[in-house]
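Numbering of ligands and ligand atoms starts at 1, following listing order.
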Amino acid sequence: MTLPSRLCSRILLTPLARRVWTDHGRAMKEARQSLALLMGLGLIVLAKLPGWNLVNEGGVMKLHRAWKVKTFVKGMEFLQLVADVAEAEGHHPDLHLVGWNNIKIDIWTHAVGGLTENDFILAAKINGLNLHHLLRITPANK
Ligand SMILES: C[C@H](O)[C@H](O)[C@H]1CNC2=NC(N)=NC(=O)C2=N1
C-alpha cells in the first residue's frame with residue numbers, strides 16, 4: 001500500500017525526517033572518509049613496512065606481523081630485542097610467542113583504540129632490528 005504523495009511529502013519535511021536524512025548523509029561521508037584513510041594506511045603499510053599487514057580485530061585496526069624462530073630461547077631473545085626498542089620509543093607492542101617458535105606482534109595505540117603514527121614508527125624500528133640469526137629460514141622470511 002503506497003502513501004498518497006501529499007502525505008509522503010509531509011512526512012519527509014518533518015524535522016525528524018530531515019535530521020535522519022542529514023545524519024545519514026553525514027554518516028555516509030564519514031564512512032567514505034574512513035575508508036579512504038584506511039586504504040591510504042594500507043598502501044603505506046604495504047609499501048613502507050614489508051612483512052606487516054593491517055588487521056581489524058574486533059573493530060580495532062592494528063599492524064600485525066608473524067615470524068618463525070629457531071628455538072624457544074631464541075624467541076625470547078627476539079622479544080627482548082623488540083622490548084628494548086619499544087621501551088626506547090615509549091610505545092609498546094602486543095607480543096605473542098606461541099607453539100614454542102611462533103612470534104606474533106600486534107601494534108596499536110591503546111590510548112586511542114586504533115592506529116597512530118607511533119605504531120608505524122615502532123613497526124619500522126622492529127623491521128630495522130637484526131633478527132636474522134634468530135629466525136628459522138623459511139620461504140616466508142628468506
Ligand atoms: C604513559 C605512557 O607513555 C603511555 O601509557 C603509553 C605507553 N605505551 C603505549 N603503547 C601503546 N601501544 N599504546 C599506548 O597507548 C601506550 N601508551
Chemist: Does any N/O atom on Asp119 come nearer than 3.5 Å to any N/O atom on ligand 1?
Modeler: no

Chemist: Who's the nearest protein heavy-atom neighbour of atom 8 (N) of ligand 1, and how far?
Modeler: His92 ND1, 2.8 Å

Chemist: Tell me which one of Lys70, Lys74, Lys68 satisfies side-chain contact (heavy atoms from CB on, under 4.5 Å) with Asn101.
Modeler: Lys68

Chemist: Checking Asn127 side chain against Pro50 main chain: does a donor-acceptor pair fall under 3.5 Å?
Modeler: yes

Chemist: Give the atoms of ligand 1, by number and element, whose distance to some non-hydrogen atom of Trp108 is under 4.0 Å.
Modeler: 11 (C), 12 (N), 13 (N)

Chemist: Looking only at distances, please establish whether an N/O atom of ligand 1 is found under 3.5 Å from an N/O atom of Thr109.
Modeler: no

Chemist: Please assess Leu134 against Leu81 for the test side chain to side chain contact (heavy atoms under 4.5 Å, CB included), listing each intermediate value before the final yes or no.
Modeler: CA-CA 11 Å; Leu134 303 173; Leu81 290 171; 3.9 Å; yes

Chemist: Looking at atom 5 (O) of ligand 1, would you say a protein heavy atom lies below 4.0 Å from it?
Modeler: no

Chemist: Looking at atom 13 (N) of ligand 1, what's its closest protein heavy atom, distance included?
Modeler: His110 N, 3.0 Å

Chemist: Quick one: do His133 and Glu77 satisfy side chain to side chain contact (heavy atoms under 4.5 Å, CB included)? Show the steps, please.
Modeler: CA-CA 11 Å; His133 62 296; Glu77 192 178 330; 3.6 Å; yes

Chemist: Does Asp119 use its side chain to pair, donor to acceptor, with the backbone of Thr109 at less than 3.5 Å?
Modeler: yes

Chemist: Give me the nearest non-hydrogen protein atom to atom 2 (C) of ligand 1 as residue plus atom name, then the distance to 0.1 Å.
Modeler: Gly90 O, 4.9 Å

Chemist: Ignoring hydrogens and geometry, is there a side-chain-to-backbone donor-acceptor pair from Lys104 to His64 under 3.5 Å?
Modeler: no

Chemist: Locate the shortest heavy-atom distance separating Ile105 from Pro93; write the atom from each residue and the value.
Modeler: CG2-CB, 3.6 Å

Chemist: For Ala111, is at least one N or O under 3.5 Å away from an N or O on ligand 1?
Modeler: yes

Chemist: Which protein non-hydrogen atom lies closest to atom 16 (C) of ligand 1, naming both residue and atom, and how far is it?
Modeler: His91 ND1, 4.3 Å

